[in-house]
Structures are given as structure tokens and as C-alpha cells.
Amino acid sequence: TAALGMVAATTFAAAPSAASSAASSSVSTAPGFRPGAPGVGDPYFPLEGNGGYDAQHYTLDLAYDPATKVLKGTVHMLARATQDLSRFDLDFQQLTVRSVTVNGRPAAYTRDGQELVVTPRSGLRMNSLFDVGVTYGGIPQPLGGPIVFGLPYGWIATDDGVLVACEPNAASTWFPSNDHPSDKATYSIVVTVPKGLVAAANGVLAAQVTRGDTTTFWWNELRPMASYLVTTTIGKFDVQVGKTPAGLREWVATDPTVPGTEVVFQQTAAITDYWSELFGRYPFEETGAIVDNVPVVGFSLENQTKPLYSAVRSETTVAHELSHQWFGDSVSVRTWQHIWLNEGFATFAQRYWTEHIGGESVQAWFDRQYATRPDAFWTIKVADPQRDTMFDTAVYNRGGMTLQALRVKIGDEPFFRLLRTWAADHRYGLADTDQFITLAEKISGQDLTDFFNVWLYTPSKPVTW
Ligand code: ARG
Ligand code: ZN
């Protein structure tokens, strides 16, 4: 292992084959120790996440300078080995790795596409806790492509900072992680930016310290969080801190160049409190919002505790993103095919809010969808929409219609008890469509096999249900 360590310390500029052979010699010297898988087996994203360990806590220590667009950082991941590990992967792409350590000692590493392959000096025993440190730097680029309709997503540089919205797979463009919702972890996020800028991240702001011409923001998210929900959105922001009427902490940052944002604090407060009544206790320590002026970004994202709104924002969007704190952020998809458990639920909630404030009823919305959606809309299988159509309108709207149809079928009281039980049973955890169907049947006392087959798995317009 001593020889391996020397390889490790100098592998940075070496050819990939050098470290790969180091890795295989480690396997041969430690019987039973084998590499972790390069993915968790999500059919839509075979390389997202990794096998062999379970991430517990990340510490992100980052510095960003909008003038150069360079991000520099050191990330530590505390993880537990779930097998005897000879080596393991992190998901990390684009940026330049300077060094990797495991339990404080230099480790060998190679890059292979979006995989950062790490070989520790000696094998990691099943169930042992280990710390991985990665020091890196570079200029992160957003992702694009069909998943989010060709729009850029991920790390999106702005004039005065950056907007960070990573669903489903862009976390790996700016920090190394086990980048799949099935491995949630807690986070400390420490971000240093030029003085005068704000760095907004998830959880609670523990400290804000200005030294010389930089300010460091120290955030803690101590509830489990999926990597795609991590943000460090930076820019000139007005910050408003306070509490909702029900007494929950609230932190809101608004870009002063976006008109009409003075209502965001009150909207966020009222909607968070209302959802807490309807869906059960708010799952996190603080609610909030970030409103940034980035017209190129045509979406909002339910980043945990800090939903991110691009300039395009409405009260019902706030209702949508805040409902995701229960459905998506606290209860997370086991694999991405179950995305309707996020988007269908948030769409239902959004329409419920519209009705609540005196607009169109959910049923009238349902009827309108049913009457006007063209054939193409009905061809998506909501509970298995396929990767490039995972954010198709049908996942949102037919998903939401599924819940409204279910509500009518089983009645309001059981329906809302179902939503509350769902949020409580899987709080901070993972869930899938079968589990929802099972719970719906249990709570309603009805056989709902045909109902869910028609609504979730049949690629045509439901006729009877
Ligand atoms: N989950 C978002 C919503 O609330 C959609 C995000 C799509 N992904 C992305 N990177 N824009 O509707
Ligand atoms: Zn959504």
C-alpha cells in the first residue's frame, strides 16, 4: 500500500492508465474488496449516483469570482461503505481536479466522462465511515439538451454572480457527489464571494463574515437533501429575514432589478403556512425564496428551503415550488421515472391554490384539460415518461389530473389524509409509484388497480376510470 500511496500523490497529471493499474493492483492485494458500481442503476440515467457507499454529509467550501467566472473549491464527503470497497466513483465533470484525499491521505484518481474514480491507499471496509476530499477549480458550464427543452440548466453565470438550478443531473458540473436522489445527505455550504454580493444556499444561514474585500456565507442544511436541490446562487440581492405568521423562519433574497418582488416574502409565508396545514408539518427548518433576474432561464426550481424563481414568476408558481418541499424534496423519487410524484403533485397543489384564492376550481381545470388537450398529450405514460420527456406537460398536468380524479373517486377526507400520510410515512426518504398506489388502496379501501393503470400507465386518453 505504501507504493500505491506514492502513485496516488502524483496521479493528477498522469495518464489515466497509470492510476487504473494502481487500482487493479489494490483489488488483487485485498481479497473480497471490489470497486463500487459507476451508477445506482437508474434506467434513465445509468451513470448518475454510484454504488458501494452511502453519502452522509457534504461540506462544500467554495469561492466564486463573477469577474473571472472561476469557481474554486474543496468538497468533503463523509460516507459509509456499503461493501468492502477497493475503489469508488463520484459524479463530477468538466472542472479540473487538483487533489483527492481519503481519510486525509492522498488517493489516486482518474477521470472517465462524468465519473471521478477514486482509489484509496487501502480498501474501505463495509460499514466503515470514510471522508473523501476533492480540491478543484474551473469555469462550470450549464447543461442543455432535450431533458429541459433545450434550455440551459445547472450553473448559469450572470452579470453579477450565478444562478444554480440542477435538476435532474447538473450538480456534477460544480461539485463532486453521489449525484442521485436515492442518496440524500446533509450539507454545510460555505461560499466566499466579493464583498457586496450575497451567496444564497440551502438551509439556515449560520454565519456571514466579511474580511477584507470578500464575504463568506456559511449555510447548514441539516435535513437530508438530494444533490439536485443544492444551490449556491450568487448576486446582488435584497435580503429579507423574518418569520411566517405560524412562526417558521423565513429567508428571502430578491434581485432588485426584478419588479414586483416585494410580495414574495408574504406569499411565501402564507403559502408555506397553508401547505403546512394541508400536507402536515413543514419538513425543514426554514422556508424562503430566491428571485433572480435571468430571463434565459424559463423555469423555477424547488431547491430545498430556497425555491429559485427566474424573472418569470407568479403566485401559483410559488405555490407549486413550495408544495415540492413536501413532494419531491422531503419525499424524494427513488428513481427518476417516478417524477410524476413530484410534478403531478405540485401541479395539483398549484391548481388547489388557484381555487383557494378564488380562481378556477381544480375540477374546472381538470375538465378544461380533458376537453382541450390534443392526442399527443395523452401518449405519455405518466409513471414512466422516459428520460427526454420526463418534464413533459403531461407529467405535470395528467399527473395532477390523476390526483384530482382520485380525489373525486375516493372522496375529499380520505384523499387529503392520503397526501398527509404519504408525506409523513416517507418524510426525508424515498418513494415510488407502487408505494403510492398501495397506500391509496389502503386508505380508500378500494381496489384501484384499473384506475391507476388507466391514468398512469396507458398511453391514451382515459375514457372510464
Ligand atoms: N422541478 C421544476 C418545476 O418545479 C422543473 C425543473 C426542470 N429542470 C430544470 N433543470 N429546469 O417545475
Ligand atoms: Zn415542479
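Read the numbers this way: they start at 1 and go in the same order the structure lists the ligands and their atoms. Basis for what follows: all heavy atoms, side chains included, without hydrogens, waters or symmetry-related copies. Position 1 is the first residue of the sequence; numbering continues from there.
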Would you check if the side chain of T458 reaches a backbone N or O of N453 as a donor-acceptor pair within less than 3.5 Å?
-> yes

Is a side-chain donor or acceptor of D183 paired with a backbone partner of G49 at a separation under 3.5 angstrom?
->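 Flag not set: sc D183 to bb G49 has no pair under 3.5 Å.
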
Any side-chain heavy atom of Y228 within less than 4.5 Å of one from P181?
-> yes

Among W275, W326, F436, which one satisfies ring pair (Phe, Tyr, Trp, His ring centres under 6.0 Å) with F345?
-> F436

Might you list the protein residues in contact with ligand 1, defined as having a heavy atom under 4.0 Å from one of its atoms, sorted by chain and number?
->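 Ligand 1 is contacted, at a heavy-atom distance under 4.0 Å, by V148, Y153, E167, F299, S300, L301, E302, H320, E321, H324, E343, F391, Y396.
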
Give, for atom OH of Y396 and atom CG of N342, the distance between the pair rounded to the nearest 0.5 Å.
->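 That separation rounds to 9.0 Å.
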
Walk me through it: do F415 and F348 pass the test ring-ring contact (aromatic ring centres under 6.0 Å, His included)?
-> CA-CA 12 Å; F415 175 78; F348 175 84; 5.2 Å; yes

Is the centre of the W174 ring less than 6.0 Å from the centre of the F92 ring?
-> no

Ring-ring centroid check F327 W422, cutoff 6.0 Å | no

Could you count the protein N, O or S atoms found under 2.8 Å away from the Zn ion (ligand 2)?
-> 3

Side-chain ion pair, R351 and E355, N-O less than 4.0 Å | no

